[in-house]
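Written below as structure tokens is the structure these notes are about.
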Amino acid sequence: MGSFISKITPKDDQMSQPSYTDTSPIRQLIVLINQNASILEAVCSQKSTPIPDLNAPFHPSTETFRSIPVAAEAANVICAAALQLAAVLMPPQVTLYHVAGGHFKAAAVRACLESNVTEILREAGPKGLSVQGISAINGQDPQKMGRFLRILATNHIYREIEPNVFTNNRISSMMDTLKPTKDLFADPKHKHDGTPGLAALVGHHLDEAFKAAAYSWETLSDPATRRSGDPKASPFARAINSEETLWHFYEHPEQRDRQHRFDIGMQGIQALQPPNAILGAYDWETLPEDSLVVDVGGGVGTSSLSLAANFPRIKIVVQDLSGVIWDGKKVWAEKMPDAIQSGQVILEVHDFFEPQPRRGAAVYLLKQILHDWSDEYCVKILTQLRVAAAPKTKLVLMDSIMPFACHDPGTDKSGIPGAVPREAPAPLLANFGAVNEMGYNADIDMFLLFNSQERTITHIDELLGSTGWKAVKVYRQEGGDSTFLQGIEAIPI
Ligand SMILES: C[S@@+](CC[C@H](N)C(=O)[O-])C[C@H]1O[C@@H](n2cnc3c(N)ncnc32)[C@H](O)[C@@H]1O
């Protein structure tokens, strides 16, 4: 390489010599990386907080630095700059194929997740295990296993420590159910029961959403479904060849396992957001004693578990469809039985398209509900809550507020406190690029499964305005949360 460069002279290549100054695009990115690495190291050393080790299995303590806003932002800037640097310098077809070939890698992740490779490697310990050893336990073909693991190790998921010998790393261990492999193989149906839920969420995305993704263009190229917001006309409906929503699909007795995995996966969302996300979504401490919070479409009550534990003096009703409430009762019996026995928390079946039975609540919470529905359905849900609201009722939405990939002058003008996201410094993309990809992933997932979407704050405010509500505040986590789950407080108008 060096000899090749030394052979090129201005005369040879007939081009003007580029000047490698601090203002060249790659130098600007490197300066950002350097400056922010110094900030990150200084903060972590001052707070005795480790910087993550890619080779070590994941442990929650390695994420402590992200709860320090200045460290979280420094990490985001470093990652955004590194990704942009790679986009500048990598062969463009390779960058294109990171995305266009996403399903190749996704297929490999699914093979490893479903055949319990992460758990097998956990039990094998730091010396790892050969592909023959892995296959002797999970019954898969060793050669195929090696190929799946290698494409993933090439992308920093698992580590190939010797030829054909693999071990877990920080990323692969995120898929660990933390269960003994003998239990997983003896009872595969209950693999995700009692687990942190991220493996269940990944399993759901690699199954229902993956299949739907394969039919997205077929849905868009059909004039009958191209512009539809009907969940029964989604790519998922086309993939299963049945005009039904994901929720109705889950109600078939033979889909019970998938529904169960989805419900546990929603708890896995917790692993993707700051631990106090629901607590920071509204000023809960301002609620008077015995105030009623209705967690509408609350799933098994993941957010309500956190609220009930932190605010024992508020009353909570978790509402959802019958199968989910059934699962929820088991979750609460295990995690917070006292809250149910004392009556602090009630789980009840309610369809949010029907009139809301809990009238005049202090707060109606809609967490990750509106993003499941296109505008015409959101209007119905919001209208039912507006009819039930008292003048002092608050509506708390928790969804990803989507920023543009460039600066948005429209958000500046909205006048809603907190509406303007924290932007990355130039020359980075204003939204921190793929560092904030989770929100954009969710947006496309919503299209695939429900013909719905994540929304900008302007779009949310328009929806609220059309149903008698008004957004008055956006609650953001400090340190860079620009696309993943913000709280939006709205009041009746
Ligand atoms: C994306 S999940 C969010 C669950 C919960 N809010 C959370 O964040 O953990 C959407 C929830 O809406 C529920 N749901 C779908 N249609 C519903 C309906 N018509 N009435 C009530 N709940 C419904 C689903 O069963 C599911 O639990």
Side-chain angles (χ1 to χ4, degrees), residues 196-198 200-201 204-205 208-209 230-232 234 236 244-252 255-256 258-273 277-279 281-282 293-308 316-329 331-332 335 347-358 363-374 376-385 388 395-400 438-439 441-443 445-454 484-488:
L198 186 60
L201 187 70
H204 154 75
H205 282 141
E208 292 96 306
D230 182 348
K232 295 194 282 308
S234 67
F236 174 75
E244 58 185 354
T245 66
L246 182 73
W247 312 123
H248 291 125
F249 170 77
Y250 281 156
E251 279 171 8
H252 297 298
Q255 301 304 338
R256 183 82 194 114
R258 282 195 168 101
Q259 154 130 67
H260 191 53
R261 177 177 63 184
F262 178 87
D263 292 343
I264 297 171
M266 283 313 295
Q267 297 173 55
I269 292 271
Q270 292 285 80
L272 302 179
Q273 62 195 19
I278 185 64
L279 304 181
Y282 176 66
V293 173
V294 185
D295 188 357
V296 182
V300 294
T302 310
S303 302
S304 291
L305 277 165
S306 190
L307 288 178
I316 300 175
V317 174
V318 181
Q319 298 176 333
D320 209 292
L321 301 176
S322 58
V324 181
I325 291 298
W326 197 78
D327 274 345
K329 287 188 174 160
V331 170
W332 285 79
K335 297 196 171 168
L347 305 185
E348 73 182 15
V349 175
H350 170 63
D351 178 340
F352 47 50
F353 292 109
E354 299 295 326
Q356 171 57 242
R358 304 280 172 177
V363 173
Y364 294 113
L365 170 64
L366 283 174
K367 175 172 169 281
Q368 291 186 287
I369 297 299
L370 295 187
H371 76 161
D372 289 343
W373 300 93
S374 60
E376 60 188 287
Y377 293 86
C378 290
V379 164
K380 292 179 192 170
I381 298 168
L382 291 168
T383 302
Q384 290 296 5
L385 295 180
L395 174 68
V396 176
L397 309 178
M398 214 176 161
D399 261 321
S400 298
M438 295 310 280
N441 283 338
D443 182 36
D445 190 32
M446 293 305 108
F447 157 63
L448 296 174
L449 296 178
F450 306 111
N451 241 336
S452 65
Q453 66 173 133
E454 306 289 349
F484 203 59
L485 294 189
Q486 291 79 34
I488 302 149

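For the numbers below, each heavy atom of this structure counts, side chains included, while hydrogens, waters and symmetry mates do not. Just follow the structure's listing: the first ligand is 1, and inside any ligand the first atom is 1. All residue numbers in this chain count up from 1 along the given sequence.
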Within the 4.0 Å heavy-atom sphere of ligand 1, strictly under, residues: Trp247, Met266, Gly297, Gly298, Gly299, Asp320, Leu321, Val324, His350, Asp351, Phe352, Phe353, Lys367, Gln368, Ile369, Asp372, Trp373
Student check: side-chain heavy atoms of Asp327 and Arg256 closer than 4.5 Å: yes
Run the side-chain contact (heavy atoms from CB on, under 4.5 Å) check on Gln259 and Trp326 step by step: do they pass? CA-CA 11 Å; Gln259 154 130 67; Trp326 197 78; over 6 Å; no
Restricting to ring pair (Phe, Tyr, Trp, His ring centres under 6.0 Å), what partner residues turn up for Phe249, sequence neighbours left out? Phe236
So with a 6.0 Å cut-off around CH2 of Trp247, is the heavy-atom count from everything else above 12? yes
Working note: Ile278 + Thr302, criterion side-chain contact (heavy atoms from CB on, under 4.5 Å); need CA distance, chi angles, decisive distance, verdict. CA-CA 10 Å; Ile278 185 64; Thr302 310; over 6 Å; no
Would you indicate whether the side-chain heavy atoms of Arg358 and Val296 approach each other to under 4.5 Å? no
